[in-house]
Amino acid sequence: MVFMKHELPTLPYSYDALEPFIDMETMRIHHAKHHQAYVDKLNTALEKYPHLQEKTVEELLKDLSGVPEEIRGAVRNHGGGHYNHSLFWKWMTPPIIGKDAPTGEFLKQIEVSFGSFETFKEVFTNSALACFGSGWAWLIKDASGGLTVISTANQDSPISQGLVPLLGLDVWEHAYYIKYQNRRADYITAWWNVVNWGNISE
Ligand code: MN3
């Protein structure tokens, strides 16, 4: 049996590609240090459990109760960190003029669920601001297919609750402290400029 180690995905852009909104130093440390640490600690947690090494991180997180109690917390935290960040990088892109909002069917779904794109942004921003301590704000699709905004603590992933994350924002201080210090609101405002609406609409 081959031990399929979890690996740090390469970024789809360079560390300085999201400047000036997300700075190069933050991106470098966030990806090469923080995300790498989640990957390493997930692999370490799985060392003693060969049957779990064949599963994808998504499969592990969707069925945390199937993970032995001894490593459940580690899989939830580090597996969640690995999975959430892998999505997070893809949800961002160097800012493209004129592509700063969703279009087509996805825009329609947002309008049905929130009334307007501007209202959605407000609801999502407020959720990201209100998230106490470390966590994430999410746009998710629920079981009935409706779109909702939620937040989760730490690295808890919506997929562990049976929800499909369509967009997520990391509001851990490590995501913004170098450039924005305690100004989470400024980080969120800047982040909207680098959201990859093309990717999310798909
Ligand atoms: Mn992070």
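Ligands are counted one by one from 1 in listed order, and the atoms in each one are counted from 1 as well.
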| task | Say whether T26 and D23, considering side chains only, have a donor N or O and an acceptor N or O under 3.5 Å apart. | result | yes

| query | Can you tell me if H34 and W172 form a side-chain donor-acceptor pair at under 3.5 Å? | reply | no

| remark: Per residue D170, nearest N, O or S atom to the Mn ion (ligand 1) is named OD2

| field | Heteroatom test (N, O or S) for H85 near the Mn ion (ligand 1), limit 2.8 Å | value | yes

| request: Could you tell me whether the Mn ion (ligand 1) has an N, O or S atom of H34 under 2.8 Å away? | output: no

| query | Mind checking what makes ring pair (Phe, Tyr, Trp, His ring centres under 6.0 Å) contact with Y38, not counting sequence neighbours? | reply | H85

| message | Restricting to side chain to side chain donor-acceptor pair (under 3.5 Å), what partner residues turn up for N196, sequence neighbours left out? | response | none

